[in-house]
Protein chains: 2
Amino acid sequence: MGSRSYGQYCGVTTAVELVGERWALLIVRDLLVGPRRYTDLKQGLPKIPTNILSARLKELQEGGVVRRIPLKSCGLVYDLTEYGRELEPIVVALGRWGFQAMGEPGIDDVVTADSLTIALRTAFQRDAAAALPPADYEVHVGDVALRVQVDGGELRIAQLAPPAPPVGGRMPDGVPELVFAAGPGIRRLISGELTPFAAIDDGVLQVLRGDETLLERFAATFHIEAGAAAPAAAA
Amino acid sequence: MGSRSYGQYCGVTTAVELVGERWALLIVRDLLVGPRRYTDLKQGLPKIPTNILSARLKELQEGGVVRRIPLKSCGLVYDLTEYGRELEPIVVALGRWGFQAMGEPGIDDVVTADSLTIALRTAFQRDAAAALPPADYEVHVGDVALRVQVDGGELRIAQLAPPAPPVGGRMPDGVPELVFAAGPGIRRLISGELTPFAAIDDGVLQVLRGDETLLERFAATFHIEAGAAAPAAAA
DNA sequence: CCGGATCCGAATCGATACTG
DNA sequence: CAGTATCGATTCGGATCCGG
């Protein structure tokens, strides 16, 4: 009964009926990084109730956004359909928009591997990167570790354990030129609020290995301009 | 407490906390067309409960997306902030994405002036239009009437009565070269599923005045490719 | 452990009525 | 015109439980 339809014949309306329910776009965000098992999604979305996760996955499948793939080696993954994958620029743009309104982290906010991966894609400055020499970073935020490789306009991000190597993921060889660790305060480096030097000085960030001047290159490569009006950062 | 937070420190998460609630993005969609009064919004969103509309407006203001402007001539409008206006490319992209999943209209789906305005912006092919001569259309869909002017890569859309001339809107002068009327089936013209000729033939569209060959130009100017996989059109 | 299904109280939504 | 108030219908959130 409860006709949940918005009652309009319109593309935007159709879109929000497909991916506008609570949690749906965050599931899509994580699947943009790669195929994920039910349990991976649950871990990447620590606060999602399991019934909601399974309901969303069902709806997203019915909407043609997500598909369920039985794995040869026993198991099961969810993946975006080709149609679902077309959401990538939209999710990235939303992330860029929302980034500007991020305040300080809530007391029990977490940074997950997938969300950080998308955040880096969001902040990636292709043109700036193309003009810079290739670089190879290892970034730690909380207990998430990412291998971030930039070569020309290309960006490659791999998630280091934990969690276990993602399905279909390929571990990069070689040694990163720069290894550093940060907390959520890394946001202030990406926003330009803090220079790399100031970030180290404030204890927001520590260089674990490598030449710390590479941080300048990192900051030039990953940046989100505080566009128009920096809103007062909602609660 | 029922902390409605998603518990993640992430731009995408922040964005959906700001505009991810039910109805919120549709309010933004309508405000992208121009400032609107409470009652305008209610008419443009016929199925929104009034308490939800006022709740969303309040939340959007707190989030720095919408602002409330007392009108000199007695009255009150809601408008997007500069930050809110940055959602335009995102809403347009979502509309383009959702367009591909639109099936046939539900029995009591409506097409509103604002949603059609955004739909045309969504479908606008700047490059194609720039290569074509200027054009001046009047489009009727249901009881919505739009004046659509294309000049080079520029698109201007004005809403003809009803409803009354929008606040701050300016009525175009002159006479449109082509006036036509359609139903929701206009979607099939924009998707390329129907040629202009076939659309007339099927009764999807009637030319009321002007040279019907201009419909070719209209179809070339407003088009949405059925990109990757045309999903099976959700219920 | 993986992939959910079930149950229940709390919060939100939807519809309508009403008010300054 | 611009909202509140109210109340039943849904949905969400949290926890537990179940079959492989």
Side-chain angles (χ1 to χ4, degrees), chain A residues 1-8 13 16-17 19-27 30-31 35-62 66-79 106 108 162-164 166-167, chain B residues 1-8 13 16-17 19-27 30-31 35-62 66-79 108 163-164 166-167:
Chain A
M1 263 295 289
S3 161
R4 288 282 284 167
S5 155
Y6 291 98
Q8 299 192 200
T13 306
V16 307
E17 280 173 359
V19 297
E21 299 285 305
R22 206 165 154 70
W23 293 105
L25 219 48
L26 299 183
I27 294 172
D30 284 5
L31 291 179
R36 291 288 181 265
R37 279 177 296 171
Y38 185 91
T39 318
D40 299 329
L41 290 169
K42 198 166 66 163
Q43 289 195 349
L45 273 3
K47 296 190 55 175
I48 196 174
T50 72
N51 56 342
I52 299 294
L53 176 55
S54 79
R56 290 296 169 272
L57 286 170
K58 206 163 297 173
E59 294 156 13
L60 289 170
Q61 284 172 77
E62 283 162 10
V66 161
R67 123 191 89 150
R68 195 184 207 256
I69 305 176
L71 231 42
K72 2 188 163 296
S73 48
C74 236
L76 175 63
V77 294
Y78 294 90
D79 194 7
D108 44 22
V167 182
Chain B
M1 283 283 293
S3 157
R4 288 284 277 175
S5 155
Y6 291 98
Q8 300 194 338
T13 306
V16 307
E17 281 173 358
V19 296
E21 298 285 304
R22 206 165 156 69
W23 293 104
L25 219 49
L26 300 184
I27 293 172
D30 285 6
L31 291 179
R36 291 288 182 264
R37 279 178 296 174
Y38 186 90
T39 318
D40 299 330
L41 291 168
K42 197 166 69 164
Q43 289 195 349
L45 274 2
K47 295 189 58 176
I48 196 175
T50 69
N51 56 343
I52 299 295
L53 176 54
S54 80
R56 289 297 169 270
L57 286 170
K58 205 163 297 175
E59 293 156 14
L60 290 170
Q61 285 172 73
E62 282 162 10
V66 161
R67 126 191 85 153
R68 197 182 205 257
I69 306 177
L71 231 41
K72 358 187 166 299
S73 48
C74 234
L76 176 62
V77 294
Y78 293 91
D79 195 7
D108 43 23
V167 183

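Side-chain atoms are counted along with the backbone in the values below, which use heavy atoms only and exclude waters and symmetry mates. Order of the sequence lines fixes the chain letters, A, B, ..., with proteins taken first and strands second; residue numbering starts at 1 for each chain.
Listed for the B:Gln61 side chain is a donor-acceptor partner under 3.5 Å among the backbone atoms of B:Leu57. Judged purely by atom type and a 3.5 angstrom limit, A:Tyr38 uses its side chain to pair as donor or acceptor with the backbone of A:Thr50. Checked by atom type and distance alone, the side chain of B:Glu17 never pairs as donor or acceptor with a backbone atom of B:Arg4 at under 3.5 Å.
Of the side-chain N and O atoms in B:Arg56, one or more sit less than 4.0 angstrom from OP1 or OP2 of C:dC13. For D:dC12, neither phosphate oxygen OP1 nor OP2 lies less than 4.0 angstrom from any side-chain nitrogen or oxygen of B:Arg4. For the pair A:Tyr38 and C:dA5, the criterion of a side-chain N or O lying under 4.0 Å from OP1 or OP2 is not met. At the phosphate of C:dA5, OP1 or OP2 sits under 4.0 Å from a side-chain N or O atom of A:Lys58. Listed pair B:Trp23 / C:dG14 meets the phosphate criterion, a side-chain N or O lying under 4.0 Å from OP1 or OP2.
Atom CG of A:Leu71 and atom C1' of D:dG20 are 17 Å apart (whole Å). Atom CZ in B:Arg68 sits about 15 Å away from atom P in D:dC1, given to the nearest Å. Here D:dG3 presents its P atom at 11 Å from NZ of B:Lys42, a figure rounded to the nearest Å. Between B:Ile52 atom CD1 and C:dA11 atom P the separation is 16 Å, expressed in whole Å. Atom NZ of B:Lys47 is separated from atom P of C:dT16 by 11 Å (rounded to the nearest Å). Rounded to a whole Å, the CD1 atom of A:Ile48 is 15 Å from the P atom of C:dG3. Atom CG in A:Leu53 sits about 19 Å away from atom P in D:dT16, given to the nearest Å. Put simply, CG on B:Leu41 is 13 Å from C1' on D:dC1, counting in whole angstrom units.
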Can you list the steps and then say if B:Leu60 with B:Leu31 is a side-chain contact (heavy atoms from CB on, under 4.5 Å)? CA-CA 12 Å; B:Leu60 290 170; B:Leu31 291 179; 5.8 Å; no

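Nearest nucleotide to the B:Asn51 side chain, out of C:dA15, D:dC12, C:dC7: C:dA15. In this structure, of D:dG3, C:dG3, D:dT16, it is C:dG3 that holds the atom nearest to the side chain of A:Arg37. Distances were taken from every side-chain heavy atom of B:Arg22 (C-beta onward) to each of C:dC13, D:dA2, C:dA17; the shortest belongs to C:dC13.
Aromatic ring orientation, B:Tyr6 versus A:Trp23: perpendicular (interplanar angle above 60°, classes split at 30° and 60°).
The nearest heavy atom of DNA chain D to A:Pro49 and to B:Thr39 marks one nucleotide each, and the one closer to the 5' end goes with B:Thr39.
A:Ser54 comes within 4.0 angstrom of the backbone, heavy atoms only, and of no base.
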